[in-house]
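Atoms within each ligand, like the ligands themselves, are counted from 1 in listed order.
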Amino acid sequence: MTPSRNGVIAYPSPQFDSYARTSGSAGPLVDPGTIAEVRAVFRRVAETGLEAVADISRQRDGLAPGTPIVVDPSVLKAQAALVDDHLADSLREAYRAQLAVAEAALAQDVTVDVRDGVVTRLVHRPVTSVALYIPGGRERYPSTLVGLLAAARAAGVPEVTVLLPPDAAGLPDPACAWISALAGGVTTLCGNGPALIAALALGVDGVPPIRMVVGPGGPAVVAAQLIAAEHGLATGPAFGPTDCAVLAGPDADPRLLVADLLTESEHGHDPRLVLIGWGGVEHAFQEALTKDPEGEQIWARTGTIVVCTDESDAVEAANRLGGEQIQLATGLDDARRLLDRVEGYASVLLGQDTSISAAYLTGAPGCLPTGPAARSVSVVTSQTFRRTMVVGQVGPSAQSPLAELVTPLAAYEGFPRHGASQQIRSK
Ligand SMILES: NC(=O)c1ccc[n+]([C@@H]2O[C@H](COP(=O)([O-])OP(=O)(O)OC[C@H]3O[C@@H](n4cnc5c(N)ncnc54)[C@H](O)[C@@H]3O)[C@@H](O)[C@H]2O)c1
Ligand SMILES: N[C@H](CO)Cc1c[nH]c[nH+]1
């Protein structure tokens, strides 16, 4: 990260250029040491299968003695019963909202009459078995399970397996158990995150056969997903450290700026928090921050202010950074206007009235690519759990015209049998 006086950088400036190049998850997603440790986990799991998963899970994660990796439904039921009515109401409503968005996000099949006698279709089919990784080392994330489970269910995935590191009591997280029971028909594996992913990738005895694993995690879990891909398991986006930008001018409420910018400091490994402002908003923000001593310390560790001359420069600076999420901390009309110009973010929060935390209940997908990946990778939706298949159909009237057109192209590519297979159909 660029050294800057009090974490304040002007835009444009060489300091900003350097910050944009090096901040967030620019660079390798996982360090070589973590990759090596996780490869060792894969080796142990390859040697002794579920026994290794259980050993690592007990030693590293405090999995309760006698708890099998494949969680017994009676354990899940007992854990789910620990959820109180208030939390149950939140989880139910969060799942309903996620399901509504996930169902609406499903792409329609496409049928195109390309020419006389030729029909080409694109049809979407669910991946038949997926594992949803729910992080659980340092914090707990039932909201992540709510979103992923709703997406997989809306996609029509028949076999869903949930991967959970154990909670502080060495058992599956109660809220995750509750939401799994609500969705129904879910298998739960509880244990060390990387070891569970290794077991699926290596197809060890005792775990369900799985085609795809999706879910956010810290560096070791990201490493496990990268290694799993080497073994042919499909994976979702690889997530780096969380990041959060807020774009604000002089009219923004400084108390809300402090509240919103510090939200994402509560989880993740070295999150990048950045206020991109103009019109002197940085002074109001710094003043408000002095009223939150703990927040001041967090900001000193992880926060940066980018000072721009005007709104236009601020949008330009924001687009240079890109990343997981940005709040346009203006009135709604201005935010809507700015939205057309903002690019490179996985999630945009429109207006200062829209907090990051509201996403718990708005049905907004919460599994978001971070850092530079946000420029090219989509957020996880129900479409993530579907594959697109092409269906071709050629009827009698198209055979001769196609032969005439296929032959020269096949010949040019040096594949005469390609040409011949169409010619023999031509009358
Ligand atoms: N991008 C998103 O949409 C999103 C959503 C929710 C959470 N997150 C992120 O997910 C991350 C969760 O990280 P976390 O660490 O709390 O949970 P985690 O589940 O990713 O990691 C913990 C698991 O990995 C194991 N582990 C860690 N280091 C290991 C090693 N060297 N060898 C073997 N096992 C190892 C732990 O024992 C535990 O089982 C945070 O960065 C959070 O910000 C991102
Ligand atoms: N804000 C996160 C996306 O980085 C998702 C989340 C889950 N729990 C709390 N927050």
Query raised in the report: Would you call Arg375 and Glu343 a salt bridge, taking side-chain N to carboxylate O under 4.0 Å as the test?
Result: yes
Report summary line: Counting heavy atoms under 4.0 Å, the part of Glu266 that contacts ligand 2 is neither
**Report entry** Close N or O approach (Thr144, ligand 1; < 3.5 Å)
**Finding:** no
Requested in this report: Within a distance under 4.0 Å of any heavy atom of Pro194, pick out the atoms of ligand 1 and give their elements.
Outcome: 24 (O), 25 (C), 33 (C), 34 (N), 35 (C)
Requested in this report: Could you tell me if any non-hydrogen atom of Glu324 lies under 4.0 Å from any atom of ligand 1?
Outcome: yes
Query raised in the report: Between Glu296 and Arg301, is there a salt bridge with N-O shorter than 4.0 Å?
Result: no
Report task. Could you list which atoms of ligand 1 come closer than 4.0 Å to a heavy atom of Tyr133? Result -> 18 (P), 19 (O), 23 (C)
Report task. Answer with side chain, backbone, both or neither: which part of Pro135 has a heavy atom less than 4.0 angstrom from an atom of ligand 1? Result -> both
Query - Leu63 and its side chain to side chain contact (heavy atoms under 4.5 Å, CB included) partner, picked from Leu171, Asn192, Val53, Ile69 - result: Ile69
Query raised in the report: Is it true that a side-chain atom of Ser13 and a backbone atom of Phe16 form a donor plus acceptor pair closer than 3.5 Å?
Result: yes
**Report entry** Glu139, Gln325, Arg60, Glu266: member with heavy atom nearest to atom 33 (C) of ligand 1
**Finding:** Arg60
Requested in this report: Before signing off on this row, confirm whether Val41 and ligand 1 have an N or O atom pair separated by under 3.5 Å.
Outcome: no
Query raised in the report: Centroid-to-centroid, Trp299 to Phe285, below 6.0 Å?
Result: yes
Query raised in the report: Relative to the ring of His231, is the ring of Phe42 parallel (under 30°), tilted (30 to 60°) or perpendicular (over 60°)?
Result: parallel
Query raised in the report: Does some non-hydrogen atom of Thr34 fall short of 4.0 Å from ligand 1?
Result: no
Query raised in the report: By number and element, which atoms of ligand 1 are closer than 4.0 Å to a non-hydrogen atom of Phe239?
Result: 1 (N)
Query raised in the report: Heavy atoms only: which of Gly218, Cys190, Ala220, Pro216 is nearest to atom 28 (N) of ligand 1?
Result: Ala220
Query raised in the report: Should you measure from each heavy atom of Thr242, which atoms of ligand 1 turn up under 4.0 Å away?
Result: 43 (O)
Requested in this report: Could you tell me whether a side-chain N or O of Glu324 sits under 3.5 Å from a main-chain N or O of Pro369, the two making a donor and an acceptor?
Outcome: no
Requested in this report: Provide the number and element of each atom of ligand 2 under 4.0 Å from a heavy atom of Ser143.
Outcome: 7 (C), 8 (N)
Report task. May I ask you to check if ligand 1 and Gly193 share an N or O to N or O distance below 3.5 Å? Result -> yes
**Report entry** Atoms of ligand 2 close to Glu264 [distance to a heavy atom under 4.0 angstrom, numbered from 1]
**Finding:** 1 (N), 2 (C), 3 (C), 4 (O)
Query raised in the report: When you measure from the side chain of Asp84 to the backbone N and O of His86, does any donor-acceptor pair fall under 3.5 Å?
Result: yes
Query raised in the report: At a 4.0 Å threshold, what atoms of ligand 2 neighbour a non-hydrogen atom of Thr242?
Result: 4 (O)
**Report entry** Per-residue contact class, Asn192 against ligand 1 - non-hydrogen pairs under 4.0 Å
**Finding:** both
Report summary line: Counting from 1 in the order shown, the ligand 2 atoms closer than 4.0 Å to a non-hydrogen atom of Glu324 are 3 (C), 4 (O)
Report summary line: min-distance protein heavy atom vs atom 9 (C) of ligand 2 -> Tyr360 OH, 3.5 Å
Query raised in the report: Do any N or O atoms from the side chain of Thr235 and from the backbone of Val213 form a donor-acceptor pair under 3.5 angstrom?
Result: no
**Report entry** atom 10 (N) of ligand 2: nearest protein contact (heavy atom, Å)
**Finding:** His267 NE2, 3.4 Å
Query raised in the report: Salt-bridged, Asp55 to Arg58, with N to O below 4.0 Å?
Result: yes
Query raised in the report: Backbone N or O of Gly215 within a donor-acceptor pair of the Gln225 side chain at under 3.5 Å?
Result: yes
Report summary line: Here the atoms of ligand 2 under 4.0 Å from any heavy atom belonging to Gly366 are 3 (C), 5 (C)
Report task. Run the salt-bridge test on Glu47 and Arg44 with the 4.0 Å N-O cut-off and return the result as yes or no. Result -> no
Report summary line: For Asp61, the ligand 1 atoms with a heavy-atom partner under 4.0 Å come out as 36 (C), 37 (O), 38 (C), 39 (O)
**Report entry** Contact atoms of ligand 1, heavy-atom distance to His267 under 4.0 Å
**Finding:** 42 (C), 43 (O)
**Report entry** Exam field: side chain Gln327 to backbone Leu247, donor-acceptor pair closer than 3.5 Å
**Finding:** no
Query raised in the report: Where the closest heavy atom to atom 3 (O) of ligand 1 is concerned, which of Gly366, Pro165, Ala374 has it?
Result: Gly366
Query - Test log, rule side-chain contact (heavy atoms from CB on, under 4.5 Å), inputs Leu273 and Thr304 - result: CA-CA 6 Å; Leu273 310 176; Thr304 300; over 6 Å; no
